[in-house]
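Hydrogens, waters and symmetry mates are skipped; everything else that's a heavy atom, side chains included, is used. So you know, we letter chains A, B, ... as the sequences are listed, proteins then strands, and number each from 1.
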Number of protein chains: 2
Amino acid sequence: MKPISPPQSLMELTADRIREAIIVGELQLGSKVSEQRLADALSISRSPVREALALLQIEGLVRIFPKRGTFVFTPDEKTVLDLCDHRVCLESACLQMALDRAPDTLLGGMRQAMEDMHKAIRAKDAAAYALADMRFHRAIVTSSGNLSMARVYGSTIGPLMALRTHLFTEMHADNQISMDQHAALLAACEAGDIQQGQAIIERHVRMLADHYRRSRESAVQPPQSPVT
Amino acid sequence: MKPISPPQSLMELTADRIREAIIVGELQLGSKVSEQRLADALSISRSPVREALALLQIEGLVRIFPKRGTFVFTPDEKTVLDLCDHRVCLESACLQMALDRAPDTLLGGMRQAMEDMHKAIRAKDAAAYALADMRFHRAIVTSSGNLSMARVYGSTIGPLMALRTHLFTEMHADNQISMDQHAALLAACEAGDIQQGQAIIERHVRMLADHYRRSRESAVQPPQSPVT
DNA sequence: AACATAAATCTGCCATGGTAGATACAGGTA
DNA sequence: TACCTGTATCTACCATGGCAGATTTATGTT
């Protein structure tokens with residue numbers, strides 16, 4: 001995937017750390033996140049923290065208000081629905097390309113991710129499940145060989161979807177349905193049935209959207225930003 | 001589009017400045033771009049320059065090699081083809097959504113852009129034509145109402161496509177073909193024929209890709225990076 | 001002359017300081 | 001009590017310094 005990465009910069013490590021903290025709920029949605037506090041907590045300077053936050057804003061996980069502060073992004077309903085449409089669009093197109101160009105890579109990535117999802121379920125680790133889920137779908141996009149789509153998916157759609165996934169995998173323990181859908185998608189790919197695979201993707205994402213909608217109906221709305 | 005922007009940060013201004021310099025060729029493709037030199041040239045500090053470069057890397061205009069330097073990205077053939085596929089994917093999906101949800105907005109935006117394209121052709125203004133062309137396609141994406149897709153299209157695909165456009169902007173004399181395709185797409189939208197519209201988008205982008213390929217066959221290849 | 005090696009320089013990366021702007025709070029007035 | 005205002009504090013933003021890694025150049029050996 002990445003040809004060169006071992007000398008990972010502190011900024012990237014920090015971004016990874018903060019992203020994970022947001023996804024697993026360590027940093028609450030809508031909460032203010034200060035450069036200084038994060039730097040102190042990680043025992044580093046404010047510079048890499050600042051750059052990491054800028055990156056996370058591009059990814060959509062935080063929102064930076066100039067001279068006011070950085071806040072963990074709370075996705076509203078329209079944002080999630082837009083994201084779902086976007087995701088279906090990219091995944092469907094990439095599924096076709098991946099099956100055409102690199103079916104073995106695609107199937108291998110899917111199977112590996114499903115292994116991890118099984119492990120996460122057995123360990124009842126919601127966060128690990130969310131991450132494995134993300135890897136499953138990321139495999140579709142990366143196997144397409146289209147770097148432009150892969151970058152967008154990995155840097156703007158994946159993290160936000162993982163955030164949303166984690167939000168209700170804790171309360172709804174029906175990972176089984178999700179697992180069945182992933183298995184069905186894998187089977188369709190093994191059979192080379194693109195249309196069937198695309199239909200499953202569509203249904204899967206729609207189900208996620210419905211889950212999100214219902215989980216929000218019975219939840220309080222944290223303040224998104226100091227001003228509207 | 002942007003609700004708040006007046007107090008634009010120096011980092012954003014710097015990013016805009018560098019982006020324009022790259023697109024118009026002021027900074028040569030493949031050339032090394034130093035934080036220190038840019039900061040000196042703009043009479044500012046290295047901090048905002050560094051953050052701006054990070055942003056431009058996300059957009060795909062530059063490539064940052066850790067501890068080695070930042071280089072203006074030279075799109076190779078695969079990159080452009082990937083970008084074209086990505087563009088077709090987004091535009092096709094957005095066309096459907098726009099016709100479903102806001103056909104009047106879509107048709108209005110298309111007609112306005114076609115007006116501008118006609119004017120540009122009569123005035124033989126290639127740059128104005130390119131901008132109107134971009135607005136035409138952007139109308140499709142924005143009319144879809146999907147903010148996630150619109151952001152990606154505007155911030156990731158747009159700049160790189162503009163760069164590509166500039167690369168062979170001198171030679172394209174067949175704006176008439178392009179105009180005919182846009183007119184055909186508008187007609188298909190007026191008739192509500194989504195499939196026909198999507199087919200036209202596909203053909204249009206393929207034509208652009210062919211243009212690019214031919215323009216590269218008779219051009220030298222600047223070095224992309226110090227190492228492979 | 002060709003190559004290997006080592007010193008010097010260049011450059012990005014992270015740490016820290018100063019400043020301006022925004023928010024929060026306290027005190028005073030209607 | 002409610003509202004306005006002035007002050008204090010907080011925080012992001014930009015400037016600058018020190019350091020480490022990488023590239024280039026110079027030098028000595030074969």
Applying side-chain contact (heavy atoms from CB on, under 4.5 Å) to A/Gln96 and not counting sequence neighbours gives A/Asp100, A/Ile194, A/Gln198

Taking side-chain contact (heavy atoms from CB on, under 4.5 Å) as the test, write out the residues that go with B/Leu10, two or more places apart. B/Thr14, B/Ile44, B/Pro48

Would you mind reading off the bend of the helix from C/dA1-D/dT30 to C/dA30-D/dT1 from its two end axes, five pairs each, to 10 degrees? 10°

Check each residue of residues 34-42 of chain A for a non-hydrogen atom within less than 4.0 Å of any atom in DNA chain C, then write out the ones that pass by number, or none. none

How would you list, by chain and number, every residue that makes a salt bridge (Lys or Arg N to Asp or Glu O under 4.0 Å) with A/Glu20, sequence neighbours excluded? none

Partner set under side-chain contact (heavy atoms from CB on, under 4.5 Å) for B/Lys119, not counting sequence neighbours: B/Glu115, B/Asp116, B/Arg122

For each nucleotide in nucleotides 15-21 of chain C, reading 5' to 3', give B when a protein heavy atom comes within less than 4.0 Å of its base, S when such contact involves only the sugar-phosphate, and - otherwise. BBBB-BS

Report the residues that fulfil ring pair (Phe, Tyr, Trp, His ring centres under 6.0 Å) with B/His137, sequence neighbours left out, ordered by chain and then residue number. B/His182, B/His204

Check side-chain contact (heavy atoms from CB on, under 4.5 Å) between B/Ser143 and all other residues, then give those that pass, not counting sequence neighbours. B/Ala98, B/Thr105, B/Leu106

Please name all residues satisfying salt bridge (Lys or Arg N to Asp or Glu O under 4.0 Å) with B/Arg151, sequence neighbours left out, ordered by chain then number. none

Hits for salt bridge (Lys or Arg N to Asp or Glu O under 4.0 Å) against A/Arg37, two or more places apart or cross-chain, chain-then-number order -> none

Partners meeting salt bridge (Lys or Arg N to Asp or Glu O under 4.0 Å) with A/Lys78 (sequence neighbours left out): A/Asp82

